[in-house]
Amino acid sequence: MNKTEQDIDIKKKEAIENTDTGLSLKETIEEQANEDEAPHSSDFTLRKVLGGDILTTQAIRRQIWVFLLITFFAIVYTANRYSVQKDLIEIDRLNKQLQDTKYKALSSSSNLTELCRESHVLEMLKNSNDSTLKIASQPPYIINVPDGK
């Protein structure tokens, strides 16, 4: 006989004794119901918990959907965190690339400004003898055009 069958036999004997002592059937059933609701904390030992015996109890079986839900949320949380970390790495890479591009654009703009200066253009014209452009020796003339009224 296992433990539950022994418990049932003991309860039957107690019920018979209680009816013999004058307790009504209703009182006996209430007493047994209260005994069944008593916490079984003494049944939970470290050996049962670590050995996995606790997973076979009816209380755990009733909570299997809660465990599955917790597992599902843990998987979603882990996947979401991995995705966010991947996105952060991509953002850092793009920020570095943007900074490098800005530096190259600034350098190119500086070189272009240097090449477009009047003194640099005049020096290039002097060095190249094949150009027909010359530096003006006289200031420009202002031509006044009368209004056609």
In Å, rounded to the nearest 0.5 Å, how long is the span from NZ of Lys102 to CG of Leu106? 11.0 Å
Glu118 CD: over 12 foreign heavy atoms closer than 6.0 Å: no
When you measure from the side chain of Ser108 to the backbone of Lys104, do you find a donor-acceptor pair of N or O atoms at a distance under 3.5 Å? yes
Between Thr78 and Ala74 (side chain of the first, backbone of the second, donor and acceptor by atom type, cut-off under 3.5 Å), is there such a pair? yes
Partners meeting salt bridge (Lys or Arg N to Asp or Glu O under 4.0 Å) with Arg81 (sequence neighbours left out): none
Nearest-0.5 Å distance that lies between atom CD1 in Ile75 and atom CG in Asn80: 13.5 Å
Quick one: pull up CG in Leu68 and CD1 in Ile64 and give me the separation to the nearest 0.5 Å. 5.0 Å
Listed partners of Glu123 passing side-chain contact (heavy atoms from CB on, under 4.5 Å), at least two apart: Asn127
Closest non-hydrogen atom pair between Glu114 and His120, with its separation: O-CB, 3.7 Å
Minimum heavy-atom distance between Val121 and Leu115, given as atom pair plus value: CG2-O, 3.8 Å
Separation between CG of Asp92 and NZ of Lys96, rounded to the nearest 0.5 Å: 6.5 Å
Among Cys116, Ser109, Ser110, side chain to side chain contact (heavy atoms under 4.5 Å, CB included) partner for Leu112: Cys116
Say whether Val76 and Leu69 are linked into one hydrophobic cluster, either directly or through other cluster members, by side-chain heavy-atom distances under 4.5 angstrom. yes
Spacing of Leu98 atom CG and Ile91 atom CD1 [to the nearest 0.5 Å]: 12.5 Å
Rounded to the nearest 0.5 Å, what separates atom CD1 in Ile70 from atom CZ in Phe67? 6.5 Å
